[in-house]
Each structure stands twice: as C-alpha cells, then as structure tokens.
There are 2 protein chains.
Amino acid sequence: MIEARHLRVLRAVARTGSFSAAARELGCTQPAVSQQMKALEQSAGTPLLVRTGREMRLTQAGEALVRHAAGILAGLSAAEDEVAAIAGLRAGRVRLVSFPSGSSTLVPTALARMRAAHPGVRVSLDEAEPPRSIELLRNGECEIALAFRYPEVPGADPSAGAEWDDLVVRPVLSDRLTGLVPDGHRLARAGAARFTDLAGDPWIAGCPRCRTHLVEVCERAGFTPRIDFATDDYPAVIGLVGAGLGVAALPELTLASVRPKGATAVRLEPAVHREIVALTLPDLAHVPAVGAMLDQLADAAGR
Amino acid sequence: MIEARHLRVLRAVARTGSFSAAARELGCTQPAVSQQMKALEQSAGTPLLVRTGREMRLTQAGEALVRHAAGILAGLSAAEDEVAAIAGLRAGRVRLVSFPSGSSTLVPTALARMRAAHPGVRVSLDEAEPPRSIELLRNGECEIALAFRYPEVPGADPSAGAEWDDLVVRPVLSDRLTGLVPDGHRLARAGAARFTDLAGDPWIAGCPRCRTHLVEVCERAGFTPRIDFATDDYPAVIGLVGAGLGVAALPELTLASVRPKGATAVRLEPAVHREIVALTLPDLAHVPAVGAMLDQLADAAGR
DNA sequence: CTTCCAGCATAAGCACTTCTTGGGTCATAC
DNA sequence: GTATGACCCAAGAAGTGCTTATGCTGGAAG
C-alpha cells in the first residue's frame, strides 16, 4: 500500500536527483531516504530508480509514480489547507438556531462581533423554540442552539432541563423578569411590585414554558394567576398589556429593543431570572468556529 | 502531516457511519480505527466527527477531508494500478539498441516472442555499434544494449571488454566465425580452412573491432593479414568477396538471413567465436520488462 | 423499569516500522 | 594522492500502530 510519505520522498529524490539532497530537503538523514525508497520499490514490485554512478534516474515505473505523485500530493495539500482554514477560523460555517426573542439584540451583536473577528466564518441563523431547536441540534442541522431555561422552582416538575444533561450548556445571560403593567395601573407609578401585588390582575402569558413557569412562581407566592391570554409573540404581549387587558412578566431582553406603548415596566420582587444558554454537542464545542461563536455570544451578553 | 492511511480510515468511517463497521471493512480492530481517527483529528487541529449517541456525523472539516479523500485515494489507486501494470508486464516500454547485424535475425525473433508473451510491453529498437550503444545505455537513453565481444586474445590489449564490468552482461549467443571465399577460390570446395591457409589472400574486414580482432587472430596464427577493404556493412563484405576481391571471416549470424552470391562459406579452423551479449544496468536488470526482454533475447538465440 | 447489547474510549503490551548513528566503498575533483 | 561527496549497510533506539482486555454509555427489548 503506497503511502503519502513515500511519494513525498520520491518526489524530493526525483527533483533533487540525489538521496542526500532529498534528505536535506526533507529534514532527515540520507539513510532514511534510502530506506524509504527501498520500501517503496518493494511495495511497487519494480525498481523506481536507476543508480548509475553519478546520477540518479527514474525508471518508467518511477516516472509514472512521480507523475501521479504531483496530483496526489497537491490534493493532499489542498485538503490540509482547507482543514487548516477551518481550524484556523479563516473559513467555515456555523449554523445557529435561536429562540425568537434572543434574536433581537443578543444574536445580532454576537453576529456582528463574530464577523469582525473572523470574517471567513459564515454564521447562519434560524429561529426555533427550545424543544425544536434541541432536536435540530441533535439531528445535526445546527451547531449551536440558543435557548433559555428557568431555574427550577422547588416542588415543580424538573423535566424542563433534564434533556440537556448530555449537552454542553454555556451560560450566556441571566435575564431578570420585569413586570409590565398598563400605564394607568395602580402600580405603574411605584416602579416596583411583588408578585402578590398582582394576584388579582388578569395576566398575559408568554410561551408555553414561560406560562408554566409563571404559574409555578405565582403559586409559590401564594396565588394562582388568572391568565386571560397567552401568546408566543412578545410584541403581542406588550400590545395586550398596553391595551389594558392585563399585566405580564417579561424578560428584560424582550423589552430592550422596543419601547412599550401604553405600558410601563416595573421592577418585580422577588427577583426571578430566565437563564439564556447556548447549547451545543460535546464534540462540536471543540470545533474552533463553534467555540468562537459561543465566546461571542457570551461576550455580547456581558456587555 | 496527513497520510493516506488516515484518509482510508476516515472514508470507511464516513461510509459506514461507525467505527466498528469501518474496522470490519478495513480488516482491523475497532480500537485501531478509534486511534487513527484520534490521530487524524489531532493533526487536523479540529474535530472531524461528532459522536452523537447512535450516529456518527461529520463536521465541516470532516466533510472537506472526505471530499478531498475521494480524489486523493483515486489518484493513489491509479498510481498503484499503473505501477502494477508495469511490474506485471502488462504495460511498459523497453528501448533496445542493437548492433546492425544483430538486428537482422536475433532481434526480430526476440521481438516477436516478446510481443506474443507480453503484448502490453512496447519494445523500441535502435541501432548502434557497441561504443555508442554503451553510451546510450549509461545515459539512460535505452534499457538494453545488444553488443558483441571477442574473447580476449592472449597478448592483445584487454581494453575491449573492460568497460562492461559495472554492467550486467547477459550472454546471448556464441557466434562462430565462418570463412567466406569467392566461388572459384581454391578452398571453396574443401568446405573448411585454417586461418593460415588464407595467409596469402587479400582480406575484407568488417567493423573496426572486428578488424582489430581479425588481425590479432591472424597474428596469433602466424601471419599478418593483408586487408584491402574494411566496411561496417556486412552485405558489402559479402558482395566484395562475391566479386572475388578477397576473403573474409564473418560471424555466422550475418549469413543466416542472406544467401551469398558468388561466394562460399567455409568452416574456419581453429574455431573463433564472437560472443553476443545483452547489456543493461544492474538496477534495470530487475525491472520486469527488461528482465523479460533479456530472457527473450537469450531464448531467441537458443532456438 | 430493568436487562441486554452494540459501540466507543482507554490502557497495557507487543510487534513492526522508521530513524539515527557509525561504519564502509566508490567515484570524482584538486 | 588525498579529500570530498554520495551511497550502502548494520545495529541500536525511538516511535508508531495494532491487538487484547476492560469499562462506560446509550438504545432497545423484555
């Protein structure tokens, strides 16, 4: 079985016309070259070189091998270059899947920084909510999934985060829940409120997991919220609150890029956080482009 | 440095989707595959595979490598095929240089047999006298030189064969010198003659070395031949003898393919032989096609 | 829910390959 | 004649690759 190493040596010998010169070129000793060529001739089954006193000539088989070697070694070199480019963050692609409200500020910042730091790496972005984004990750359809989780509420079903224990979980941001009340609400002026203060209000809930978590938190606070509406669409939640239809508890991040109309943000006590994390597969975490993108996500949040 | 072995393993893994299956395909154990891939990832500087529970997927770098591997391994395989064809006498080329009178019978026979035995090997033929043909051999412009030599005449200059002692000398034929006299010559009827019987005759000599040797033999027999003509062209020698201009001593081979007109061949005593040999470089003797052609030359003579 | 099975990782031991070192021979150049 | 450069050979050392044995994990079946 011919190995690339053999061809490299053969090519050097053919080019320099001498074992010694080839050895110098290859950075080894002359006997090493001699032995390599012997081994290659052995596996070729025919002499490849003719030692005729002063000069070294190729046999026909040697010429054939050198001729092929050019293409083979060029291909090998191209392969190494391409891999090195990917490993060196000069090329590559990262497919990122984010949950909708993460895309608005965190992701654009991270993408911009990534592009500045590693212009060769292309990052694509899709949106999907956690259960779906994890599936995409496991199916190999993306490298990073941006998701969020709520800290476990004592006594509640701990199934939410259980699916991630075989993934790399990179904390990105801890996103405190902010209360949102209509402008005319009795607590709008106070600027702060406890959950129990809103026990009697109608609630506008967010996505299913957010809703579940809201219920758990409220029940821990001693009441069961009356949820009149629930929607994945955070702008819609803001709109509903602005229309005076209820109150809501929204992650700060969802309010960072919009100015609520007809609604006022109030500080909620006790503090409840939504933890935003970037997820990837253990092996993928070692891929340079993926690691760099994870870093950028963390950095973008730390701003 | 990426080696072909790595790519073979990677390709098998990519195709089968499993280390174990790849190991079976490659005829080795699973840890061997595991280690090879680890080494390859090490030298690539980035993961190439993602182990995700049940299935094995390629990273982008892995895909790039597999993509290149196809071409590289194909090229390697083509190179091996071509070399194997040359080594297996299914292809190749042998350049034979012969002295003129050797080409008439010996060489055609050998060429015909060679073609029958190994149709894929092309044999080219050029003509050159020994000093020149040896030069061609040493310069790499041919693989086999067909030449002749006379056994050393005691007391003569031994320089003739001295240049061959670093070559492979393959005896092909021992070609006895035959006397050629005009039809009306006093010895034409006898059918045999000693050199001394022709001491008074004018001689027609052959090529320079033949002429030198003739003089040596005659002087050893006790006389110095009177050489009226000397020519490389054996048919011309025959013509001159036929015209009654002298006698000659010709190798049998030169008479094998022609019928002398106006001249008669007589057995010469004592027997003097011209030895026809095939010469090649030591390394070239191990090239299958060269070896086969040497065999055919020897066989053609042994007929 | 437990058990079984398939597949990968790891460690240790062994064999092979490959490299280097230190001879030696031959040819060429001064 | 000597010196130099190139190759070959042999022996020893280093490194690499393969195998066996073992543990671990995830998925499938009972």
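Here is how names work: the chains are called A, B, and so on, in the same order as the sequence lines, proteins then strands, and each is numbered from 1. All values reported here derive from a predicted model rather than from experimental measurement.
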Value in whole Å for how far the [atom2] atom of [N] lies from [atom1] of [X]:
X         : N       : atom1 : atom2 : answer
Glu3(B)   : dG17(D) : CD    : P     : 9 Å
Leu49(A)  : dC8(D)  : CG    : C1'   : 14 Å
Met56(A)  : dG5(D)  : CE    : C1'   : 13 Å
Gln42(B)  : dG17(D) : CD    : P     : 12 Å
Arg51(A)  : dG5(D)  : CZ    : C1'   : 17 Å
Arg138(A) : dG27(D) : CZ    : C1'   : 13 Å

Please tabulate, for side-chain N and O atoms in residues 62-73 of chain A, each donor-acceptor pair with protein atoms closer than 3.5 Å (sequence neighbours left out).
residue: Arg67(A); atom: NH1; partner: Glu82(B); partner atom: OE1; Å: 3.4
residue: Arg67(A); atom: NH2; partner: Glu82(B); partner atom: OE2; Å: 2.8
residue: His68(A); atom: ND1; partner: Ala64(A); partner atom: O; Å: 3.1

side-chain hydrogen bond (donor to acceptor under 3.5 Å, both in side chains) partners for [X], two or more places apart:
X         : result
Gln30(A)  : none
Arg11(B)  : none
Arg211(B) : none
Arg90(A)  : none

Which heavy-atom pair separates [X] from [Y] by the least distance, and what is that distance?
X         : Y         : value
Val9(A)   : Met37(A)  : CG1-SD, 3.7 Å
Pro47(A)  : His286(B) : CD-O, 3.4 Å
Tyr150(A) : Cys210(A) : OH-SG, 3.4 Å
Thr46(A)  : Pro288(B) : OG1-CD, 3.3 Å

Which residues within [range] lie with some heavy atom under 4.0 Å of an atom in DNA chain D?
range                       : result
residues 280-288 of chain B : none
residues 28-41 of chain B   : Cys28(B), Thr29(B), Pro31(B), Ala32(B), Gln35(B), Gln36(B)
residues 5-27 of chain B    : Arg5(B)

**Q.** Any residue meeting side chain to side chain contact (heavy atoms under 4.5 Å, CB included) with Thr29(A), in chain and number order, not counting sequence neighbours
**A.**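 Testing Thr29(A) for side chain to side chain contact (heavy atoms under 4.5 Å, CB included), a comparison that skips the adjacent residues, returns Pro31(A), Ala32(A).
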Q) Can you name the side chain to side chain contact (heavy atoms under 4.5 Å, CB included) partners of Asn139(B), sequence neighbours left out? A)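 By the side chain to side chain contact (heavy atoms under 4.5 Å, CB included) rule, Asn139(B) matches Glu135(B), Glu141(B).
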**Q.** Pairs where residues 23-39 of chain B contributes a residue and the test salt bridge (Lys or Arg N to Asp or Glu O under 4.0 Å) is met, not counting sequence neighbours
**A.**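 Qualifying pairs, neighbours excluded: Arg15(B)-Glu25(B).
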Dump every N/O contact between nucleotides 24-26 of chain C and the protein below 3.5 Å, one line per pair.
none

Q. Between Glu143(A) and Arg122(A), is the closest basic N to carboxylate O distance under 4.0 Å?
A.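 Looking at Glu143(A) together with Arg122(A), the answer is no, because their closest N to O distance does not fall below 4.0 Å.
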